[in-house]
Every structure is written in C-alpha cells, then in structure tokens.
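Here is the structure we will look at.
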Amino acid sequence: MIIIARNNPLAVLHRRPVSVSPAGKMRCMNVNNIPTRTIWPAAQQRAVDIIDQTALPHEYRTLRLATLADAAHAIRSMQVRGAPLIGVTAAYGVALALAQQADDATLAAAVAILAATRPTAVNLHWALARMQAFLAPLTPSTRADAAWQEAATIADEDAAQCCSIGEHGLQLLRPLAERRGRLNLMTHCNAGWLATVDYGTALAPVYAAFAAGLDVHVWVSETRPRNQGLLTAWELKQHGVAHTVIADNAAGLLLARGEVDAVIVGADRIAANGDVANKVGTYLKALAAREAGVPFYVAAPRSTVDFACPDGAAIPIEERAGDELRVVHGLDAGNTLSDIRQLPLGTAVANPAFDVTPAKFVSALITERGSCPASTDGLLSLYPEMRRA
Ligand code: MRU
C-alpha cells in the first residue's frame, strides 16, 4: 500500500466519479471544496484509492490499495471504517484478488480473508455474499472484469442510497426545525460521508437540512476511545455545517436541558426485530433521549439490515485492542502525529467497540426507501421482498 497524497488539495482532483443527488439539491461531499468520495478507482490501474482515516483530522492523506492484503489491512486497521464503506472496500478487495488470479479457490479465499476482518458491521458480509453469488457462476476468464464492475456498482448504489436517506430523513427533521426555528441535532461516532461512499447515513439528513436552508447545528460526541467524532467534526467543517464537539459524558446533560431536538445515529447491524448495533455509547444516548422525550433516529441502508439475525442478542460485538484505551493519538507540541500512553501497558481494560440499542428506544429507522418503526413489521413494510425470503 502506498501513500499517494498528503495535505495536497491538487492531488485530489482525480477523485472521480463524484455522486449526484437525484433531487439535485444535496451536494456531494467535499474536501477543500473538491467533490470527493471515500474510495475511487485509481487511474489506469487495477487499484483503488482511499482516504486514510487513521490520520484524520490532523492530516489528509490518501492511500492506494493494490492487493487483497491491502484491502484487508485497510479494513482491519480502520484506515477505512464505517459499515457501508467497509462493505464497499471488501467488494473491491475481492476484485483486487481476482485481478491476480480468478479461479474458484482464489474467490473463496478472498471472501474468507475479508470476512474475518471485522465482525459487527453486517455490510461486510452482505457485500461479500453479493460478490460471491455474482461471480461464482462466471468462468474464471470473465471474473476479473465482472468483479471490478460489480464493486463499482455497489459503490454507486451506496452513494445513491445514502442520498435518499438524506431526503427521507429531512422529512422527519423539517417539522422539528419549524417548531423550534432552529435544528439542534446530536450524533455519535461518525456515520457521515467518511463512513460511506458519499453523503453518509446519519449525516445525510443533516446535509439535506443544510442544503434546504435550515438553521442546523450538530452536537458531535467525541466517541472514545477511537474518537470517530473528530472525523464527524472534520467532515461537517469541510461542508460548512455548524457543530460543537462534546465529551461523550456531556450528552445526558444537554438532552436533559432541552438543548437537543433529535438524536440521529448510524448502525452497523439492524436485527430483524429492529434492535440496533452501533458504536459503543449509542445505547446510553438512546436511554437519555427517551428520558428527555427527544426523538432517537437510526439511519442506515438495506445492506445494514440483517434479516437473518433475530435480535440484538445475536449480533457479534467486536472487542478491540486494549491499547485503543491506553494510548491516545494526536499532534504533539511539534505538530507531529504521535501516540501518548495514558495508561501503563499492563492496565486491565475492556474495549467493546459496539453496543445494542433495543428497538423500543428507536423512534424510527430511516432507510433509502423511507422511514419505518424499528420492528419486524416496520422493516418488512419497506422491504416486502424479504417476507418471501
Ligand atoms: O468502528 P467504526 O468506526 O467502523 O464504527 C462506525 C460506526 O459505528 C458507525 O456509526 C456505523 O458504522 C454507521 S456508518 C454509516
């Protein structure tokens, strides 16, 4: 994997294709005012380029993924992250493997390697299953090109679905804004453009509200230990949306004080009964929102819904390395990216990366097909084809 650009706005000019809002209202996302996706095919090469999210918000740099191993490493190390983007990167990972050799064994091995990278986001497994089902019946001689096309299609569909989530979410947010004259939202983790191909899930309605001229402000929770909230602040700033970063523990106070009109988060897996797995800390926000009488919305595309998973208890929760708690990452006094050990090496820590919010605390699910109650019936009303499955 090679670094191809560092803090150089001109180096991003080749980032194509950009996404176009079907409604023509919401702009696709920008870096330094240049329309940008989070993953895109490299010019004249079977490779993809990504934004290295481990360096943000301090440094903007892009990386080239040229092999299956590069793609697996990017997902595991969270150079790419967020459920939809993990799925799209995995699809390209399969395509990169088949570009080397396109036999059945290579396809099966690529799927197995990528499936083992991260356990909770079901988009990963959804994308791999789709690639395998599409590619397995093809002859090896046609697979490499077909895999590349299919990965690109998955990426395009993700951008279009997120854009639709934005428009449907706006319909829920507009009445709140009209009642208050201003829209104060709260989000957790990063479920924005950086977590998808474009637009985001939880942030897509925010961008749609901003594009519609609503006076929107976002409380961004820091999201310890990996601080994905800082990514949210970075992308909201790139887009010009007003926001304030808070410590995770400040969320309850702001909700209780009436300083939040709605909480909106993404999801890594939605079970068939509407239970939602998302970044650890989401559950506490849902509890506080319920107590404060504030709507709690979850935005996600179809690829995040796991109809085979009966409820939240069946969702695997990723346990990540303890050093994510023991070590903090940021700029030192000399402006160099550094790690600071805040806890001694041997300190016992637990680092579950996700939690489960029971469906009863979710006011509505917002998908590319519209909003629904967080329940089996609600999901099936939007995806009736799953009734037959
Ligand atoms: O561990 P991460 O950063 O991949 O977790 C991301 C989240 O939990 C997001 O909220 C979720 O994937 C929704 S992304 C649109």
Side-chain angles (χ1 to χ4, degrees), residues 29 37-39 50-54 56-57 74-90 117-127 155 158-159 161-166 169 186-207 218 220-232 234-235 248 263-270 276-286 296-306 315-321 324-325 329 351-357 362 365-368:
M29 300 302 109
R37 282 183 168 187
T38 53
I39 188 165
I50 58 162
I51 297 167
D52 180 1
Q53 300 194 24
T54 60
L56 287 174
I75 296 170
R76 202 178 299 109
S77 66
M78 296 175 65
Q79 289 167 334
V80 290
R81 42 147 301 284
L85 181 57
I86 290 170
V88 171
T89 307
T117 50
R118 294 196 71 188
T120 304
V122 76
N123 311 57
L124 171 69
H125 306 284
W126 172 89
D158 186 69
Q161 288 174 351
C162 287
C163 189
S164 296
I165 287 172
M186 177 179 282
T187 193
H188 188 58
C189 193
N190 171 260
W193 157 74
L194 285 168
T196 64
V197 172
D198 207 345
Y199 303 109
T201 55
L203 292 195
V206 173
Y207 292 128
V218 186
V220 177
S221 64
E222 191 184 18
T223 315
R224 282 284 292 147
R226 283 201 64 119
N227 292 331
Q228 286 94 331
L230 309 191
L231 302 176
T232 296
W234 181 83
E235 65 164 86
D248 297 327
V263 179
I264 184 161
V265 298
D268 287 83
R269 194 182 296 229
I270 299 175
V276 171
N278 191 48
K279 182 53 56 192
V280 69
T282 301
Y283 175 43
L284 284 176
K285 285 193 172 59
F296 182 89
Y297 297 124
V298 175
R302 164 68 186 87
S303 52
T304 305
V305 184
D306 186 356
I315 299 177
I317 300 295
E318 180 176 13
E319 183 75 33
R320 290 191 61 88
E324 289 188 352
L325 270 114
H329 186 65
N351 188 14
F354 299 94
D355 61 24
V356 175
T357 299
V362 178
L365 300 172
I366 307 169
T367 80
E368 74 283 359

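Numbers for residues simply follow the sequence, beginning at 1. Start at 1 and go down the list; that is how both ligands and their atoms are numbered. Basis for what follows: all heavy atoms, side chains included, without hydrogens, waters or symmetry-related copies.
Under the 3.5 Å distance criterion, the side-chain polar atoms of Arg81 are matched with a main-chain donor or acceptor of Asn190. Side chain of Asp158 to backbone of Thr196: no donor-acceptor contact under 3.5 angstrom is found. The backbone N or O of Gln79 sits nowhere less than 3.5 Å from a side-chain atom of Asp52 that would complete a donor-acceptor pair. Side-chain atoms of Thr120 come within 3.5 Å of backbone N or O of Glu318 as a donor-acceptor pair.
Ser221 and Lys285 share a side-chain donor-acceptor pair at under 3.5 Å.
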One pair per line, please: each N/O atom of ligand 1 matched with every protein N/O atom under 3.5 Å away, atom names first, then the distance to 0.1 Å.
unit_1: ligand 1; atom_1: 1 (O); unit_2: Arg118; atom_2: NH1; d: 3.4
unit_1: ligand 1; atom_1: 1 (O); unit_2: Arg118; atom_2: NH2; d: 2.8
unit_1: ligand 1; atom_1: 1 (O); unit_2: Lys279; atom_2: NZ; d: 2.7
unit_1: ligand 1; atom_1: 3 (O); unit_2: Arg81; atom_2: NE; d: 2.5
unit_1: ligand 1; atom_1: 3 (O); unit_2: Arg81; atom_2: NH2; d: 3.3
unit_1: ligand 1; atom_1: 3 (O); unit_2: Gln228; atom_2: NE2; d: 2.9
unit_1: ligand 1; atom_1: 4 (O); unit_2: Gly82; atom_2: N; d: 3.0
unit_1: ligand 1; atom_1: 4 (O); unit_2: Arg118; atom_2: NH1; d: 2.9
unit_1: ligand 1; atom_1: 8 (O); unit_2: Asp268; atom_2: OD1; d: 2.7
unit_1: ligand 1; atom_1: 8 (O); unit_2: Asn278; atom_2: OD1; d: 3.3
unit_1: ligand 1; atom_1: 8 (O); unit_2: Lys279; atom_2: N; d: 3.3
unit_1: ligand 1; atom_1: 10 (O); unit_2: Asn278; atom_2: OD1; d: 2.7
unit_1: ligand 1; atom_1: 12 (O); unit_2: Ala83; atom_2: N; d: 2.9
unit_1: ligand 1; atom_1: 12 (O); unit_2: Asp268; atom_2: OD1; d: 3.2
unit_1: ligand 1; atom_1: 12 (O); unit_2: Asp268; atom_2: OD2; d: 2.9

Is there a salt bridge (Lys or Arg N to Asp or Glu O under 4.0 Å) between Arg269 and Asp306? Walk through the geometry before answering. CA-CA 6 Å; Arg269 194 182 296 229; Asp306 186 356; 2.7 Å; yes
